[in-house]
Amino acid sequence: MEERIMYHTQECRATRMTWPAYCESNMAWLGDGYYFWYEEVDAVHWGRKSKKRRDKFEVYKSNIDCSKVLDTVFDEESYLFWKRQIEKAAKAIMKITMVKPSLKELNQYIKEKASWKDDMDGIMFADLPFSEDLLVEEYNYRKRIQLAVYKKEAIKSFEFMYDMGR
Amino acid sequence: MIDFKKLADKLDKALAEETKESLTSWLEDQRKMCSITNIYGKGSTEELSAQLLQSYQKQTFDSTNSNDSELDVTPSTEYQMAA
């Protein structure tokens, strides 16, 4: 089993969460799922930037079994496979409908219509960080990595770490 | 281990079975769902803390406790007709 500790951010609630929130909003860019950050600094940054309904946000940590996660960040074969599939699906959808799918729609299509969720537990993906922790200005030398978990069985633990004011 | 070939085959099959109508309708449903969530929010249930409930109950009680003033009822004859 290949386990990783990852971080989950939520608005501060009256009671502590005992399980991560399942995200279905249109911001769920890797499709509906449980979202985690690879680095704590991104979890905190996300709380400051996006969890604005309350004064405080909470950071939790989880142990995730990544053995059936499509790792497009650290595994070259997975990355090249993922890129080919995305391009194939996007081209086909545009050709059939003449409509450009959004990022979430494309991921949702692959997950649900192609039923990938039956054969994998999630996907790990990276973009560029928008964080104050970068030591060299305008140099994104580190990746901002997110994991969308589609199957709750892959989440092995979930515990509160701390809350923080925005 | 993830079976890449199986995933690729499943995607190929799903795309091959699509028609313009089926895929357009699926995309429209996705967009409708997003708009509804954006307008109304998804909503969730949340347990209120005991402290919050006590504070709310105290406020409600305090505001109704001094109920000793009489109601001032104006006779209907004194009402003015609205112009």
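Both A:Met6 and A:Trp19 are assigned to one and the same hydrophobic cluster, defined by single-linkage of ILVMFWY side chains at heavy-atom distances under 4.5 Å. Following chains of ILVMFWY side-chain contacts shorter than 4.5 Å, one can reach A:Leu103 starting from B:Leu23, so the two form part of one hydrophobic cluster. Taken together through direct or relayed side-chain contacts under 4.5 Å among Ile, Leu, Val, Met, Phe, Trp and Tyr, A:Val69 and A:Leu80 form parts of separate hydrophobic clusters.
B:Leu15 places a side-chain heavy atom less than 4.5 Å from the side chain of A:Tyr109. Using a 4.5 Å heavy-atom cutoff, the side chains of A:Glu105 and B:Leu27 are in contact. No side-chain heavy atom of B:Ile2 sits less than 4.5 Å from a side-chain heavy atom of A:Asp119. For the pair B:Met1/A:Lys68, no side-chain contact is recorded, criterion being any heavy-atom separation below 4.5 Å from C-beta on.
For A:Ser78, the parts sitting under 4.5 Å from any heavy atom of chain B are the backbone and the side chain alike. Heavy atoms closer than 4.5 Å to chain A are found nowhere in B:Lys13, neither backbone nor side chain.
Of the possible donor and acceptor atoms, one in the side chain of B:Lys10 sits under 3.5 Å from a partner among the backbone N and O of A:Ser115.
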Run B:Leu7 and A:Met120 through side-chain contact (heavy atoms from CB on, under 4.5 Å) and show every step you take. CA-CA 9 Å; B:Leu7 295 181; A:Met120 63 183 219; 4.1 Å; yes
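Separation of atoms NZ (A:Lys113) and CD (B:Glu18) is listed at 4.0 Å; rounding is to 0.5 Å.
For the ring pair (Phe, Tyr, Trp, His ring centres under 6.0 Å) with B:Phe4, the qualifying choice from A:Trp116, A:Phe81, A:Tyr79, A:Trp82 is A:Phe81, the only one to do so.
Of all non-hydrogen atoms in A:Ser102 and B:Arg31, the two that sit nearest each other are N-NH2, 4.2 Å.
The neighbour count for A:Glu87 CD, taken as heavy atoms of other residues, nucleotides or ligands under 6.0 Å away, is above 12.
Interface check for chain B: of the options A:Ala114, A:Pro101, A:Ala89, the most heavy-atom pairs under 4.5 Å are formed by A:Ala114. Between chain A and the options B:Asp12, B:Asp3, B:Asp9, heavy-atom pairs under 4.5 Å are most frequent for B:Asp12.
Using a 4.5 Å cut-off between non-hydrogen atoms, the part of residues 93-100 of chain A that approaches chain B consists of A:Ile93, A:Ile96, A:Thr97, A:Val99, A:Lys100.
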